[in-house]
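Letters A, B, ... mirror the listed sequences (proteins, then strands); counts begin at 1.
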Amino acid sequence: MIGVLSYLIFFLILALTLGVAVLGLNLQWGFTGLFNAGVAGFLAVGGYAMAMLTGPSRAAVFGGFELPFVVGLLGAMIASGLAAIVIGLLTIRLRHEYLAVATFGIAVTIQLVCVNWEPVTGGTLGLIGIPNPTKAMVEGSLAQNAIYLAIVLIVTAIAYTGLQRLVQGPWGRTLKAIREDETAAASLGKNPVRIRLEAFVLGCMLMGLSGALYVGFIGYVSPFDFLPIVTFQIWTMLIVGGSANNRGALLGALIVWGVWTMSGFFIARVVPPEWQAQSGAIQAVLIGLILVIVLLFRPRGLIGEEIHVSRHARSAPADARPEAP
Amino acid sequence: MTRLLKILAFGLAATLGVAGAASAQDCPIKLGAILPVSGPMGQVGERIAETGAFAVEVMNEAGGIKGCDVEYVLRDTQGQSTVGVDAAKSLVDLEGVQALVGAVSSGVSLPVLTSVAVPSKVVQISCCSSSESFTALAEEGKTEGYWFRTYATNRSQSAMGALVASNQGYKKTAVIYVNTDFGVGLAKRFEQDLAKLGGTITSMVAYNENQQSYRAEVTAALAGDPDSLFLVAFPVDGATITREWLSLGGTGNLIVNNSLRSDDYFKAVGHQYLQDMIGYDSAQPRLPSVDSFNEMFQARFDGPPNGPGLHSVFDAVMVTLLAMEMSDELTGTNIRDNMRMVTSSDGTEVYPTVEGLMKAKELIAAGQPIRYVGATGALQFDANGDVQAPKMTWKLDGETNVETGYYTTEEVAALIARLDG
């Protein structure tokens, strides 16, 4: 039974780490309508920032400042935030599919920079030996992973509560207004470009945070960790879980990652040995099938957006007074 | 929503039940495999996975391990590190495997090693991961000895190049190399190795692929009047560089690696200009065990074992299984410690046929060391879990490619030890 517990902890670490990135994407797509197809690129920026800040010093590679884990997390958020400001200023005026194409290209570019910028990223060899902070705390992988899960849970909880407060406040309402009708929002005196940029940068910072959590856990980073498929997975999590709902985003991360991994577990048990080599294809079909079924029955995701009517509207007849947003 | 939760709860309960039952019994013994059977490496990975399963079949025909059948539990990495890491962890925790075969790409194998194999104290052996990072990690003591690979590392390439230069009596060598991780790594190692063998480098020039002309690079490399050229290139660009090198007055004393052992290259330059060139390459070991593997494979799959990683995954599985047989108690640590006992150089040689494996098990039962000689020849893991392959040198005689020397695995290992020492 200890094995099951150990695996569940491991599973939750990875699922919630991805979940942080899903929260970031939810802010961008769910609440603001920004089609960011470059999630993997911002994960990479965060991941490499973590590796450079906390990793061991190496002669051949710049970085390796051996700073504490928390500094690594914050540094990763700052680095991905800065990257997002630069990229955002260039692309934020693009709408929908145009933004998607631009950000996709940027993610591929970032990945190629990681492959080639050897003095900083270590090139295709990647960066090894990034310390996992729990290894210094306790002995035994189960206890170490349990502590790391606690760290990830705390980070996720902070990100979730922070986002909830933001999106339920005036800023969040402005985001939705821009998502639904940008011209109307502008006519009310909002600056859509600025607010879109804010949401973009904040979302990307969460993606960077997610990349840093992943790298801190695995202890290694290579360009190979940030292939475009990662972007696709994060998107699937958001859509399945329920766009514009932060609980949905986290649920989606758990469910999709669960389907993705447990399907392999079941197939390895069910498929006869001589078919094992084809199990990859069966697994891909199974994953696709489950996702399609979920979307057929719950087109807005498992928990979709909660429809809010202004609380003043409900009590309007009794207490009709205007209020500034 | 409640129905969904019920289904989820049921799924979870089923998982727990199955996993609980699995860990309670000892037979069959499980061997985990994490390979990319889908995704970008799917074509290659599928054949590797089948060959790994074939090795298990052969072992089961010979009576299995410790009187149990071996079950080969394959999980797909989809060529993705997160998926591979999860698959490995679930094999270790839910299936209770003590050894993992895989992965193919270094970008998947390394995260699996650092986050699953080493913390869980489980042996990991890869057929195909070539990155130097594994050796670096092992040298830092971070693999704790749980990492092995049956892929012969690139380390020997630069050593062979330097050896050729030194045997030919070249004193001043220019280096032109392709600007990729492969080329940069090889050229830098060559620079160190050549210095150890008494040669000097006149210049190190990198080139970028697919250019029309390399006049600038060649001119730079000609500075310092070199008496030889070490060229790390691929056929098309390599031919352009060689032609320009010769036409600008460069020497015909070329040293090239295996990527230029190609008729396209010879023809594009002209055989008559390449008579002083010496090359090196990995050699198929000349052992009956290799032929017997090839025959067994042919009989089983109705085709020859052509393709990357097939020989080496077969050996990876066999060595691991024999190390399991030798372990009193099946723990990753015991298997790790016995990996070198079943490949020990003073042991009795055994081949991976059904009869050979039965003999191996008898010897193990009698407490004798064995030396597994398999599809890639005699494996010998060094302290970092790396192996070396035999090498050969070749040249052109007229238009024929002839072999000029053969270096056994031991000789290559001794050479590297001398250069690293």
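Applying the side-chain hydrogen bond (donor to acceptor under 3.5 Å, both in side chains) test to B:Ser133 and every residue at least two apart in sequence or in another chain returns B:Ser131. With sequence neighbours left out, B:Phe190 forms a ring-ring contact (aromatic ring centres under 6.0 Å, His included) with B:Phe230. A:Glu305 is linked by a side-chain hydrogen bond (donor to acceptor under 3.5 Å, both in side chains) to A:Arg179, counting only residues two or more places apart in sequence or in another chain.
A:Leu238 contributes atom CG, which lies 9.5 Å from atom CG of A:Asn246 (distance to the nearest 0.5 angstrom). To the nearest 0.5 angstrom, B:Met296 atom CE is 4.0 Å from B:Phe314 atom CZ. We find the NZ-CG distance between B:Lys89 and A:Leu8 to be 11.0 Å, quoted to the nearest 0.5 Å. How far CG of A:Leu149 is from CG of A:Leu12: 5.5 Å, rounded to the nearest 0.5 Å. Taking CH2 of A:Trp257 as the reference point, atom OG1 of A:Thr236 lies at 11.5 Å (rounded to 0.5 Å). Taking CG from A:Leu25 and CG from A:Leu206, the interatomic distance works out to 10.5 Å, rounded to the nearest 0.5 Å.
Of the atoms belonging to B:Val85, heavy atoms from both backbone and side chain fall under 4.5 Å from chain A. Neither the backbone nor the side chain of A:Asn116 comes within less than 4.5 Å of any heavy atom in chain B. Residue contact with chain A, scored on non-hydrogen atoms closer than 4.5 Å, involves the backbone and the side chain of B:Ala136 alike. Only the side chain of A:Ile287 comes within contact range of chain B, judged by heavy atoms closer than 4.5 Å. Using a 4.5 Å cut-off between heavy atoms, A:Thr261 contacts chain B through both its backbone and its side chain. Heavy atoms closer than 4.5 Å to chain A are found in the side chain of B:Ser105, but not in its backbone. When heavy atoms are compared at a cutoff of 4.5 Å, B:Val116 approaches chain A solely by way of its side chain, counted from C-beta outward. Contact annotation for A:Ile218: both backbone and side-chain heavy atoms come within less than 4.5 Å of a heavy atom of chain B. The contact between B:Glu140 and chain A is made entirely by side chain atoms (from C-beta outward), counting heavy-atom distances below 4.5 Å. Residue B:Lys142 touches chain A through its side chain alone, counting heavy-atom pairs closer than 4.5 Å.
Comparing A:Ile229, A:Ile128, A:Val230 by how many heavy-atom pairs each has under 4.5 Å with chain B, the most go to A:Ile128. For the set B:Ile48, B:Thr82, B:Val37, the entry with the most heavy-atom pairs within less than 4.5 Å of chain A is B:Thr82. Taking chain A as the reference chain and counting heavy-atom pairs below 4.5 Å, the highest number among B:Arg47, B:Glu132, B:Gln80 is found for B:Gln80. In terms of non-hydrogen atom pairs under 4.5 Å with chain A, the most contact-rich of B:Ala33, B:Gly79, B:Ser90, B:Gly96 is B:Ser90. For chain A, the option among B:Leu113, B:Leu35, B:Leu110, B:Thr114 with the highest count of heavy-atom pairs below 4.5 Å is B:Leu110. Note: B:Val83 leads B:Val112, B:Val83, B:Val73 in heavy-atom pairs under 4.5 Å with chain A. Interface remark: of the candidates B:Asp76, B:Thr77, B:Leu74, B:Leu74 forms the most heavy-atom pairs closer than 4.5 Å to chain A.
Here the two rings, on A:Phe10 and A:Phe217, have centers that are under 6.0 Å apart. Aromatic ring centres of B:Phe54 and B:Phe301: separated by under 6.0 Å.
Using a 4.5 Å cut-off between non-hydrogen atoms, the part of residues 131-141 of chain A that approaches chain B consists of A:Lys135, A:Ser141.
Side-chain N/O atoms of B:Ser81 and A:Tyr214 include a donor and acceptor closer than 3.5 Å. Between the side chains of B:Arg149 and B:Thr135, a donor-acceptor pair is found at a separation under 3.5 Å.
Taking a cutoff of 4.0 Å between a charged side-chain nitrogen and a carboxylate oxygen, B:Glu95 and B:Arg75 do not qualify as a salt bridge.
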